[in-house]
Amino acid sequence: MRARGPLAQVWSDLADLFSHEDRRFWFLFVAAILLQAGFWYLATPGPRLLALEVRLPENAVRGVLWTATLLLVIPFLLGTLLRFQPAETRLNAGKARFGIVVVLAVWAVSLPLLFFSADDRAIQLAYPWPGSWAGSTITTLTLWSGIYLLYYVAFEYFFRGFLLQLVAGKWGTPAGIWFQATAATLITLGRPLTEVLVALPLSILLGVLVVRSRSLLYPVVLHWLLGVSTDVFSLYHQKLFFP
């Protein structure tokens, strides 16, 4: 039998990577990569900071809506059509005692670190996302915190729910945790260096939290608390907190 040429060998190797039995996985995996790329360009503060976009409420709301579309609505629809909706993508009670203890403990330990890091000019130039408007009154702060919650629901659904469980189903839970942590860290490129450095350990922790608690609720609440706390401390250091 004549040996196959180089191009035929490459084609065969590529075909082996995308086996017919795993077609659902590869379709969702490729879709997730494309959605993440769209999220970075259209919804994350990173490109906006690099482009020196003015921090205004309308810009922040537009970013949150893009996030909800790319990381929540589209993955949910794709998962529903292809029957991929793991329990860990739900905002149910799960293992409540475990989740609540971890959330409160991590938040309490993080508060002093967030307070001092928010004195960094780089953090103040990035947060809060809507600018000084967020801290103008208790009403605007409450309104922004509610809008911001949607951002974290979408973010956690995609990374700690959809992406983690997708990879874990094929290569195991540790691989799923590491993959989503790496992806979530890359999303922070363009943001303040402090945030980039913290992203990997925090993403690993949130991945473990969703697996152990069997619910997306606790990563959402913890991430949201950290985000709102950063906004409040940033406003405080800039003397923009209820001026």
Side-chain angles (χ1 to χ4, degrees), residues 31-32 34-49 53-80 85-94 99-100 103 106-107 110 114 126-165 180 183-184 187-188 190-191 195 199 202-203 206-207 209-210 213 215-235:
L34 295 176
L35 288 170
Q36 177 170 325
F39 169 61
W40 191 86
Y41 279 106
L42 297 172
T44 65
R48 305 290 169 256
L49 291 174
E53 180 182 78
V54 179
R55 289 180 298 146
L56 296 171
E58 51 267 37
N59 293 335
V61 171
R62 183 174 63 248
V64 171
L65 292 177
W66 270 119
T67 302
T69 301
L70 294 168
L71 300 190
L72 179 60
V73 175
I74 295 178
F76 178 80
L77 291 176
L78 290 176
T80 300
Q85 293 295 346
E88 288 81 359
T89 61
R90 301 169 188 164
L91 292 170
N92 60 320
I100 292 171
V103 167
V106 174
W107 185 43
S110 301
L114 293 172
Y127 298 101
W129 206 352
S132 60
W133 171 87
S136 56
T137 66
I138 185 64
T139 301
T140 56
L141 182 62
T142 302
L143 179 59
W144 168 240
S145 298
I147 296 171
Y148 214 12
L149 180 59
L150 175 59
Y151 172 86
Y152 286 111
V153 169
F155 192 97
E156 293 302 317
Y157 175 85
F158 181 80
F159 287 101
R160 257 64 76 172
F162 185 87
L163 192 58
L164 190 159
Q165 298 305 323
Q180 64 80 25
I187 280 296
T188 64
R191 301 189 192 186
E195 186 176 357
L202 177 61
S203 295
L206 292 172
L209 179 56
V210 74
S213 68
S215 172
L216 202 65
L217 176 64
Y218 307 104
V220 167
V221 171
L222 176 56
H223 208 169
W224 176 71
L225 287 173
L226 296 176
V228 172
S229 299
T230 299
D231 283 355
V232 169
F233 293 148
S234 178
L235 290 166

For this session: Would you check if Leu35 and Pro75 make a side-chain contact, meaning some heavy-atom pair closer than 4.5 Å?
Result: yes
Exercise. Can you find a heavy atom in the side chain of Leu235 that is under 4.5 Å from one in the side chain of Pro128?
Worked result: yes
For this session: Report yes if the side chains of Glu58 and Pro130 come closer than 4.5 Å at any heavy-atom pair, otherwise no.
Result: no
Exercise. Should Leu164 and Glu88 count as side-chain neighbours, where that means a heavy-atom distance under 4.5 Å?
Worked result: no
For this session: Determine, step by step, whether Phe76 and Gln85 satisfy the side chain to side chain contact (heavy atoms under 4.5 Å, CB included) criterion, reporting the C-alpha distance in whole Å, the side-chain angles of both residues, the deciding distance to 0.1 Å, and the verdict.
Result: CA-CA 8 Å; Phe76 178 80; Gln85 293 295 346; 3.6 Å; yes
For this session: Test Tyr151 against every option in Trp129, Trp66, Trp144 by the ring-ring contact (aromatic ring centres under 6.0 Å, His included) rule and name the one that passes.
Result: Trp129
For this session: Would you mind telling me which of Val73, Ile74, Thr80 makes a side-chain contact (heavy atoms from CB on, under 4.5 Å) with Leu77?
Result: Val73
For this session: Taking all heavy atoms of Ser213 and all of Gly99, pick out the closest pair and write down the distance.
Result: CB-CA, 4.5 Å
Problem set entry | Heavy-atom closest contact (Pro219 atom, Ser215 atom, distance) | CD-O, 3.5 Å
For this session: Please report the C-alpha distance between Val228 and Phe233 in whole Å, then the side-chain angles of each, then the deciding distance to 0.1 Å, and finally whether the side chain to side chain contact (heavy atoms under 4.5 Å, CB included) criterion is met.
Result: CA-CA 9 Å; Val228 172; Phe233 293 148; over 6 Å; no
For this session: Evaluate the side-chain proximity of Glu195 to Tyr127: yes if any heavy-atom separation is below 4.5 Å, no if none is.
Result: yes
Seminar exercise, completed: Heavy atoms of Ala31 and Leu78 approach each other most closely as CB-CD1, 3.9 Å
Exercise. Would you say the side-chain atoms of Ser136 pair up with the backbone N or O of Trp133, donor to acceptor, closer than 3.5 Å?
Worked result: yes
Exercise. Yes or no on side chain to side chain contact (heavy atoms under 4.5 Å, CB included) for Thr67 and Phe39, after CA distance, side-chain angles and deciding distance?
Worked result: CA-CA 6 Å; Thr67 302; Phe39 169 61; 3.3 Å; yes
Exercise. Are Thr142 and Ser145 close enough that a side-chain donor and a side-chain acceptor fall under 3.5 Å?
Worked result: no
Exercise. Which heavy-atom pair separates Ala183 from Leu163 by the least distance, and what is that distance?
Worked result: CB-CD2, 3.9 Å
Problem set entry | Spacing of OG belonging to Ser110 relative to CG belonging to Leu222, to within rounding of 0.5 Å | 7.0 Å
Seminar exercise, completed: Gln165 and Arg160 have their tightest heavy-atom pair at NE2-O, 4.5 Å
Exercise. Parallel, tilted or perpendicular: which fits the ring planes of Phe159 and Phe155, with parallel below 30° and perpendicular above 60°?
Worked result: tilted
For this session: Taking the side chain as every heavy atom from C-beta outward, state whether Val220 and Leu149 have any atom pair closer than 4.5 Å.
Result: yes
For this session: Look up atom OG1 in Thr89 and atom CG in Leu91, then write down how far apart they are to the nearest 0.5 Å.
Result: 8.5 Å
Problem set entry | Reported CG-to-CG distance for the pair Leu150 and Leu72, which is rounded to 0.5 angstrom | 7.0 Å
Exercise. Quick one: does Tyr218's side chain get under 4.5 Å of Ile100's, heavy atoms only?
Worked result: yes
Exercise. When you measure from the side chain of Gln36 to the backbone N and O of Ile187, does any donor-acceptor pair fall under 3.5 Å?
Worked result: no
Problem set entry | Taking every non-hydrogen atom, the tightest pair across Leu216 and Gly161 | CD1-N, 3.9 Å
Exercise. Side chains of Trp224 and Glu156: closer than 4.5 Å at any heavy-atom pair?
Worked result: no
Exercise. Taking atom types as modelled and ignoring hydrogens, do the side chains of Ser229 and Trp107 form a donor-acceptor contact shorter than 3.5 angstrom?
Worked result: yes
Exercise. Are the side chain of Thr137 and the backbone of Thr140 linked by a donor-acceptor contact shorter than 3.5 Å?
Worked result: yes
